[in-house]
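Okay, structure first, notes after.
One is the number of the first residue; the rest follow in order along the sequence. When a ligand or atom number is given, it counts from 1 through the structure's own listing order.
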Amino acid sequence: MKIRILGAAAGGGFPQWNSHATACRRARTGDPAAKPRTQASVAVSADGAHWFLLNASPDLRQQIEANACLHPKQGLRSSPIAGVVLTNADVDAIAGLLTLRERQAFSVYGTARTQAVLDANPIFEVLARDLVARRPLTVGQAERLVLPDGSSSDLTIELFPVPGKVPLYLEEAGRTPEIVEGEGTVGAHVSSGARSMFFIPSCAGMTAALAQRLQGADLVLFDATLWSDDEMVRAGLGSKTGLRMGHMSMSGPHGTLAAFRTIAVKRKVLIHINNSNPILLDDSPERAAVTAAGWGVGFDGMEIDL
Ligand code: MLT
Ligand code: MN
C-alpha cells in the first residue's frame, strides 16, 4: 500500500491566511525550519495507479498539482482519483470536494451522518449524481472500495467512531457541543492484503476501545492539532481550548504522547497540525520531544510504503 500525505496542517493551514504570529511569519519568509503545510488530506493506493483520498481539503487543487501520482494519465479527461473517504463534515474535510467538479466519475464515502450534511447542502450538487456516487458506510463494517467502473479496488475501508463533536458551522449558537462517539467523527482503517493503516485526523480523547484497535498497527496517522490544550488561549490567538474544538492535545497526562506509550504501533505520524503547535518548528523543544518519543511529524509530500 502506498500512502502520500497531501497536506499535514489543520484547518487554516500553515501559514494561516490571517495569522501574523511568529511561526506563521517564519513560514512566510521561507525559514527552512518552518516549512509551510497545506490542510490535512492523505492519498492511498494499492497499485500506485488508482488513488483514494482520505478527506478532501480546501487545498486539494494545489495538492493534486503538487503530487504527480494524482495527475491525469489518459485521454483528454481522466483522473487517478477513484474516490474520497470522509472522516467528518468539517470544512477542512469536505471543501475540496468542490474542486472535484467538472463531470468526473468517482465515489464519495462517509457515514450516513456525513452524507446527510452533504445532502443538505445544495452546493455539493455540483458533483453530478449521475457520475459521482455517494456511498454511505456503516461504522464497524469493512467494505471494499470500488473503482469508477464499478470493479473492486484492492483496498478495504472500515470507519469507526472516535470521540468528537459536530462541525463548527453546525454548532448551536451559545451552546458548548457535546463530545460524543458516533457517526459524526470517525477514524478510517484502510487495508490492502496484510498491510493496513489508520487515519485519525480528529480525536477528542483516547478511549480503551481505540487503544485496543490501534494495538499492533503498521501505521497510524494521528490528530496533532495542539501541543497543549490552552495554547491558543495563552498565545492570544483565540478563546477556545483544544477539547472545546474536539481535539485531544499532545502533551500532559491525558495527551497523545502519553496515550501512545502503551500502544505498540510500528510507525506513527502526526497530522492535522495547527499553526499554533510548536512541533511545526524544526528547532523547537516540542519537536525534539515528539521525535524522541518515536513520532514522525507529517509534511506535505511525505511518502510511506507499507
Ligand atoms: C477542526 O479540526 O477543529 C475544524 O477543522 C475547525 C474548523 O472547521 O475550522
Ligand atoms: Mn480540522
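Residue pairs meeting the ring pair (Phe, Tyr, Trp, His ring centres under 6.0 Å) criterion with at least one member in residues 78-111, sequence neighbours excluded, do not occur.
Judged by distance alone, with hydrogens and angles left aside, the side-chain atoms of Ser192 form no donor-acceptor pair with the main-chain N or O of Arg195 at under 3.5 Å.
The pair Asp130-Arg103 counts as a salt bridge, with a side-chain nitrogen and a carboxylate oxygen less than 4.0 angstrom apart.
Using cut-offs of 30° and 60° on the angle between ring planes, the pair His189 and Phe198 is parallel.
Grouping the Ile, Leu, Val, Met, Phe, Trp and Tyr side chains by contacts below 4.5 angstrom, directly or via other members, places Val139 with Phe52.
At a cut-off of 2.8 Å, His272 is counted among the residues with an N, O or S atom near the Mn ion (ligand 2). Distance check for Asp90 against the Mn ion (ligand 2): none of its N/O/S atoms falls below 2.8 Å.
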Are there any N/O pairs under 3.5 Å between ligand 1 and the protein, and if so, what are their distances?
residue	atom	partner	partner atom	Å
ligand 1	2 (O)	His247	NE2	2.8
ligand 1	2 (O)	His272	NE2	3.1
ligand 1	3 (O)	His247	NE2	2.8
ligand 1	5 (O)	Asp92	OD1	3.0
ligand 1	5 (O)	Asp92	OD2	3.1

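A donor-acceptor pair shorter than 3.5 Å cannot be found between the side chains of Ser107 and Arg134. Remark: the Asn88 side chain and the Thr185 side chain contain no N/O donor-acceptor pair separated by less than 3.5 Å.
Take the N/O/S atoms of Asp92: the one nearest the Mn ion (ligand 2) is OD2.
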